[in-house]
Amino acid sequence: MALTAEQKQELEEILKRTGAHREAGALKKVIPQEYRKNQELVEQKEIVLTVPEAGAPVRCVITTAKDKAEKCPVHVNMHGGGFIFLQDGDDDLYCAHVAAKIRGIVVDIDYASSREHPYPMAFNQSYGVVKWVFSQCGLWGADPDRVSIGGHSAGGCLAAAISLKAAETGDFKVCLQVIDYGAIENYKVCVDDVNERSRAFSLYYADGDIEVLKNPFASPAYATAEMMKNQPRTLIVNAQRCPFCQVNEEYGRRLVEAGTEVTIKRFLDSRHGFTIRMADEWQEAQELIIREILDAGK
């Protein structure tokens with residue numbers, strides 16, 4: 001049964017009451033001028049794609065390095081925000097940094113908010129965009145063997161789910177998936193009732209039907225051993241003070257058992273959201289991601 005208007009209002013009140021840390025972090029954030037200058041090294045354009053898999057258009061921002069190399073890598077980025085919040089300027093800065101450093105292209109997917117479009121809309125949109133990216137490599141002068149994907153928090157969930165489905169369908173295979181403090185287990189928070197903010201995000205994503213969240217494409221932590229086979233090289237970026245730290249490392253262990261090359265880095269002085277929100281050890285985390293993107297697919 002879909003969420004009622006009253007239930008949605010309750011969830012909105014929870015999100016408002018628990019969002020002070022997000023607002024405080026934005027106020028304290030200091031963006032280094034050198035980091036801002038990455039936007040001078042790239043061109044960014046907004047497009048709206050019609051994605052057959054989703055039945056709804058999706059906004060994307062394509063960031064291209066001005067000194068783009070021949071047969072360049074392409075990275076597809078999926079932002080965080082509990083499947084609720086849309087892409088913001090922090091993601092534009094991040095994508096500019098990555099595109100400039102890899103001398104390539106970054107496609108950022110501004111998938112639909114689960115407030116209006118619950119699962120599987122964001123997943124279907126994101127999968128469809130990645131599929132489209134492969135079809136564009138020839139036009140872009142990019143190397144289809146160097147297409148990687150990555151996501152942060154909710155976006156990390158989408159990245160892992162895309163890799164699982166691609167292994168099943170054979171539509172494409174990315175050379176690398178980056179799971180950055182991924183929200184890959186979205187069911188237990190609905191029954192444990194420990195983190196009410198995460199619970200609100202999950203209930204919105206599932207439109208109130210929490211059994212949906214046991215689907216591996218909604219919560220990759222529920223992937224079977226068979227589904228874990230033939231996964232791409234994986235980088236898991238973790239934060240010590242992140243509620244998803246243990247479940248991400250367990251997911252990494254299962255990938256290793258399935259034969260996947262996995263790198264896991266736990267940042268001991270960092271919290272959830274640090275990589276994109278420019279907090280804690282964010283610069284080291286971004287440089288690690290860039291190194292892995294450059295190395296993958298060679």
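Just so it is clear, the values below take in all heavy atoms, side chains as well, and ignore hydrogens, waters and symmetry mates.
Within 6.0 Å of atom CD in Glu34, 12 or fewer heavy atoms from other residues, nucleotides or ligands are found, so the atom counts as exposed in its surroundings.
Counting heavy atoms from C-beta on, the side chains of Asp92 and Gln87 come closer than 4.5 Å. Looking only at side-chain heavy atoms (C-beta outward), Pro120 and Phe217 stay at 4.5 Å or farther from each other.
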Could you pull out every donor-acceptor pair under 3.5 Å between side chains of residues 150-168 and any protein atom, sequence neighbours left out?
{"from": "His152", "atom 1": "ND1", "to": "Asp180", "atom 2": "OD2", "distance (Å)": "2.7"}
{"from": "His152", "atom 1": "NE2", "to": "Asn77", "atom 2": "OD1", "distance (Å)": "2.7"}
{"from": "Ser153", "atom 1": "OG", "to": "His272", "atom 2": "NE2", "distance (Å)": "2.9"}
{"from": "Ser163", "atom 1": "OG", "to": "Ala159", "atom 2": "O", "distance (Å)": "3.4"}
{"from": "Ser163", "atom 1": "OG", "to": "Gln177", "atom 2": "OE1", "distance (Å)": "3.1"}

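Checked for salt-bridge contact, Glu250 and Arg254 miss the test: no charged N lies under 4.0 Å from a carboxylate O.
In terms of the ring-ring contact (aromatic ring centres under 6.0 Å, His included) criterion, residue partners of Phe134 (sequence neighbours excluded) are, by chain and number, Phe172. Residues satisfying the salt bridge (charged side-chain N to carboxylate O under 4.0 Å, His left out) criterion with Lys214, sequence neighbours excluded, are Glu211. Partners of Lys265 by salt bridge (charged side-chain N to carboxylate O under 4.0 Å, His left out), not counting sequence neighbours, listed by chain and number: Glu284. Scored by the ring-ring contact (aromatic ring centres under 6.0 Å, His included) test, Tyr205 finds Phe83, Tyr119 as partners (sequence neighbours excluded).
Atom CD of Glu46 is separated from atom SG of Cys60 by 9.5 Å, given to the nearest 0.5 angstrom.
The nearest pair of heavy atoms linking Ala258 to Met228 is CB-O, 3.4 Å.
Other residues sharing a hydrophobic cluster with Ile289 under the 4.5 Å side-chain heavy-atom criterion for ILVMFWY residues are Ile31, Tyr35, Leu93, Tyr94, Val98, Ile102, Val106, Leu176, Val178, Tyr181, Leu235, Val237, Phe267, Phe274, Ile276, Met278, Trp282, Leu288, Ile290, Ile293, Leu294.
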